[in-house]
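Everything on this sheet refers to the single structure shown next.
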Number of protein chains: 2
Amino acid sequence: MSQSITIKDIAKLLGLSKSTVSRALKDHPDISPETKRAVKEIAEKLHYKPNHVAISLRHRKSRMIGLLVPNISYFFFPSVIEGIEEIVHEHGYQLMILQSNESYEREVNSIDTMLANNVEGILASVSRKTEDFSHFKNVIDRDIPIVFFDRVPEEIKADMVLVDDIRGTYDGVKHLLDTGRKQIAICIGHPNLLISKNRLKGYKMALNEVGLEVEEKYIISGQSIDDVERATHQLLNQENPPDGIFAISDLTMTGIMRAIYANRLRIPEDIAVIGFCEEPFSTMYNPPLSTIQPMGFEIGKMATEVLFTRIQAEHGFMMTPEIHNITSKMVIRGST
Amino acid sequence: MSQSITIKDIAKLLGLSKSTVSRALKDHPDISPETKRAVKEIAEKLHYKPNHVAISLRHRKSRMIGLLVPNISYFFFPSVIEGIEEIVHEHGYQLMILQSNESYEREVNSIDTMLANNVEGILASVSRKTEDFSHFKNVIDRDIPIVFFDRVPEEIKADMVLVDDIRGTYDGVKHLLDTGRKQIAICIGHPNLLISKNRLKGYKMALNEVGLEVEEKYIISGQSIDDVERATHQLLNQENPPDGIFAISDLTMTGIMRAIYANRLRIPEDIAVIGFCEEPFSTMYNPPLSTIQPMGFEIGKMATEVLFTRIQAEHGFMMTPEIHNITSKMVIRGST
DNA sequence: ACCGGTTTCGCAACCGGTTGCGGTTGATAA
DNA sequence: TTATCAACCGCAACCGGTTGCGAAACCGGT
């Protein structure tokens, strides 16, 4: 039984044609009830499983959704994926997950394999290194729906689902101000990224609202935990160190926390900390961190729902792309 | 250009047959150099990309490896996946990642879609809920190589790649003893799991070696962070509380740490902590945790290498299954 | 002119399903 | 008796490549 059994096998056993078996299996009205029964019975007995590859080839569609993520190593993307899978499976589709690992080549490659595998739609979060977006244009030209989330290309016309960074940062910084902090620092990622810009915007909004000016010395950035740790050290050891820090991600938060611990500062007495962090990351610290939850699950769900409306829309009748902002939830814990 | 272009398109444009084009593209010696040049040139110009689905159907193989994991939400599996991807891509294959989410139905389902998609091999870590393993037997009967890792079924004859739990736990507990601890507790997962049994074994080995007896009250277990947190509370508040705890995973560690913090105990002064934990999890705490690193990356690599030797072996000529133990690395930090 | 051997290419079947269309059968109506 | 029609099923093409085999065209040698 090393070979999987096919429709032809069933047909031969029953003295029928392939077409009849195929139709019987899917309750086509042309087939008599007895024939259907016989076919289904033997199919059941032999554990017949249709070959998706053949179906995909014939129909030019695969019931598969391609997912491109930079990585799955931290909290955010896995939770997004959970949201995606919920909707994908609801529709009876399968998910094909590809990691770019922040590499442009692998990103292009991944898109190629998705197309070569006839995915019916693509969800994508782009790599940090990507600056040429023609592989995505390619997808759009082929009329394959694509929805970007979180890390989106700026120059592509497509649906986007984003965390509301401006609002989230504004909320977090405002909360720090509300608890009496005056010198609030922020740690951002790569300054070119849209998310960094937006978060800075929210930061400025909150400060300006209470008449504070943005000071350059309170803005640090870093690409890795170690980067951030070093930057935070400098930040804490300058004159007039901050009494509150807003971290932009789980990674920056880790670097910041390490530096704070190393400097023997107390949280929240000496310095308050809040930032964009996922569960269960934020509850592991001492004290548990107040956070702006990015709601990865909701982002995944929303992105996938948008994708399916595109898939189900008549081809050619494309609505204009939309941008969805998912507002984050602020959770106050011991660190502020 | 909404339709992707095929071999037939190229053939028509050049007045050739499909077969000639196909052969030209793969440098078949039967084709003249000029024809090859012409074909390749126009293929390049039109951005021709072969349709993997068609190739897969024809060859009955897909150059895809299926990966079944319970989840991708924590540190261990993502790092395993990194190792897997390294080897998979080295071989020019693609990885199809499916999550069971600890659900038996979804596990069976995932195996089905892998088979239906003609994967050439499967890497699997089974769900906690799985007790019937016939879906895996099915795979083996079909002569499709499968390698289990980390969470393995006991009653299936197949290659396995495991963390050396006995050795790892032994090392960790021994280290606690070496630093002068006398009452050492351990927190395990579900008692039925092989890993729990093995880790208990290592725990006992280390204790017995220095003439200590295993006491039931020092063995706790839990399925979730909250479970563990509660159990640790009880553990710490009984008479003769432990002065060292060995945690069996990132999850149990989180519960334990929360309970320790809540009880205002100092680490490592009052209680030392060590356990199986992944980077960067263990460095986030205060103090950074000593850990037994499970080496997910190595496990992934090893499992995939074994899988490819099976794939490349002549079918039928199956070697007997092997069990590989990956020894963990002990990293001493501030918590012990 | 004829033959054997290359070189170069096309025909057609095939992978495993799907589907338009046409054919056969039997029953019913005219 | 014959036309009509529904019920039921098979033929064959198709999706996009791959490949065994045969054939045409050309070569130099006799």
Side-chain angles (χ1 to χ4, degrees), chain A residues 2-40 42-43 46-64 112-120 142, chain B residues 2-40 42-43 46-64 112-120 142:
Chain A
S2 122
Q3 272 306 320
S4 64
I5 68 128
T6 73
I7 267 194
K8 206 197 291 182
D9 299 326
I10 301 182
K12 210 171 296 172
L13 280 174
L14 269 65
L16 291 171
S17 73
K18 290 197 306 177
S19 19
T20 304
V21 174
S22 170
R23 283 190 260 251
L25 285 171
K26 51 184 47 176
D27 274 327
H28 192 286
D30 271 9
I31 308 300
S32 75
E34 309 92 76
T35 311
K36 283 182 187 170
R37 207 191 29 71
V39 169
K40 285 178 182 171
I42 192 162
L46 298 183
H47 299 114
Y48 167 75
K49 295 275 163 53
N51 182 326
H52 288 195
V53 176
I55 296 173
S56 169
L57 178 59
R58 174 66 227 238
H59 282 160
R60 290 136 146 280
K61 52 175 74 172
S62 56
R63 297 189 81 70
M64 286 211 298
D112 274 352
T113 55
M114 287 181 190
L115 294 180
N117 280 89
N118 285 1
V119 297
E120 296 183 41
R142 284 223 212 177
Chain B
S2 122
Q3 272 307 319
S4 64
I5 68 128
T6 73
I7 268 195
K8 205 196 292 183
D9 298 325
I10 301 182
K12 208 171 298 173
L13 280 173
L14 268 66
L16 292 170
S17 74
K18 290 195 309 178
S19 20
T20 304
V21 174
S22 170
R23 283 191 258 252
L25 286 171
K26 50 184 47 173
D27 273 327
H28 192 287
D30 271 8
I31 307 300
S32 74
E34 309 93 74
T35 312
K36 284 182 187 170
R37 207 189 32 68
V39 169
K40 285 178 181 171
I42 192 161
L46 298 184
H47 299 112
Y48 167 75
K49 294 275 162 54
N51 182 326
H52 288 196
V53 176
I55 295 172
S56 169
L57 177 60
R58 174 66 226 234
H59 282 160
R60 291 136 144 280
K61 52 175 74 171
S62 55
R63 297 188 81 71
M64 286 211 299
D112 274 352
T113 54
M114 288 181 189
L115 295 180
N117 279 91
N118 284 2
V119 297
E120 294 184 42
R142 284 223 212 178

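Remember, predicted model here, so these are calculated numbers, not experimental data. In what follows, chains are A, B, ... by sequence order, proteins preceding strands, each numbered from 1.
- For B:Thr20 and A:Lys36, each mapped to the nucleotide of DNA chain D holding its nearest heavy atom, the one lying further toward the 5' end belongs to A:Lys36.
- When each of B:Arg23 and B:Tyr48 is assigned the nucleotide of DNA chain D bearing its nearest heavy atom, the one mapping closer to the 5' terminus is B:Tyr48.
- Neither OP1 nor OP2 of D:dC11 sits under 4.0 Å from any side-chain N or O of A:Lys18.
- To the nearest angstrom, P of C:dT18 lies 14 Å from NZ of A:Lys61.
- The side chain of A:His59 lies closest to C:dT19, out of C:dC9, C:dG17, C:dT19.
- Comparing C:dG17, D:dC11, C:dA13 by their closest approach to the side chain of A:Thr6 singles out C:dG17.
- Distances from the side chain of A:Ser32 to the nucleotides D:dC8, C:dG16, D:dG10 place D:dC8 closest.
- We find that CG of B:Leu16 is positioned 15 Å from P of D:dG17, with the value rounded to whole Å.
- Across the protein-nucleic acid pair, B:Asn118 atom CG and C:dG17 atom P stand 10 Å apart, rounded to whole Å.
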*Check the pair A:Ile42 / A:Tyr48 against side-chain contact (heavy atoms from CB on, under 4.5 Å), numbers first and verdict last.*
CA-CA 8 Å; A:Ile42 192 162; A:Tyr48 167 75; over 6 Å; no
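- B:Ser56 has no side-chain polar atom (N or O) that falls below the 4.0 Å cut-off from OP1 or OP2 of C:dC15.
- The side chain of B:Ile55 sits closest to D:dT18 out of C:dT18, D:dT18, D:dC15.
- Between A:Asp30 atom CG and C:dG20 atom P there is a gap of 11 Å when expressed in whole angstrom units.
- At C:dC15, one or more side-chain N or O atoms of A:Lys8 fall inside 4.0 Å of OP1 or OP2 (strictly under the cut-off).
- For B:Ala54, the listed nucleotide lying nearest its side chain is D:dG16; candidates were C:dG16, D:dG16, D:dC21.
- Of the candidates C:dT19, D:dT19, C:dG16, the closest approach to any side-chain atom of B:Ser22 belongs to D:dT19.
- As a whole-Å value, the separation of B:His28 NE2 from D:dT19 P is 8 Å.
- An OP1 or OP2 oxygen of C:dG16 is reached within less than 4.0 angstrom by a side-chain nitrogen or oxygen of B:Arg60.
- Residue B:Asp27 contributes atom CG, which lies 13 Å from atom P of C:dC9 at whole-angstrom precision.
- Neither side chain, B:Ser19 nor B:Ser22, offers a donor N or O lying under 3.5 Å from an acceptor on the other.
- Ranked by how close their nearest DNA chain C nucleotide is to the 5' end, B:Gly15 and B:Leu57 are led by B:Gly15.
- Closest to the side chain of A:Ser19, from the set D:dG17, D:dG10, C:dG10, is D:dG10.
- Within the shown strands, C:dC14 is the pairing partner of D:dG17 under the Watson-Crick or G-U definition, both distances less than 3.5 Å.
- For B:Lys36 (side chain) and B:His28 (main-chain N/O), a donor-acceptor pair under 3.5 Å exists by modelled atom type.
- With rounding to whole Å, A:Lys12 atom NZ is found 13 Å from C:dG16 atom C1'.
- Comparing C:dC15, D:dG17, C:dC9 by their nearest atom to the side chain of B:Ile31 picks out C:dC9.
- The side-chain contact (heavy atoms from CB on, under 4.5 Å) test with B:Ile31 singles out one residue from B:Leu16, B:Val39, B:Thr20, B:Val21, and that residue is B:Thr20.
- In terms of phosphate contacts, A:Ser17 brings a side-chain nitrogen or oxygen within less than 4.0 Å of OP1 or OP2 of D:dG10.
- The distance from atom CD1 of B:Ile10 to atom P of D:dT18 is 11 Å, rounded to the nearest whole Å.
- Formation of a donor-acceptor pair under 3.5 Å by the B:Glu120 side chain with backbone atoms of B:Lys61 is not found in this model.
- The main-chain N or O of A:Thr6 is found under 3.5 Å from a side-chain atom of A:Asp9 such that the two form a donor-acceptor pair.
- Residue-level contact check: B:Asn51 touches the backbone only, with heavy atoms under 4.0 Å from sugar-phosphate atoms and none from bases.
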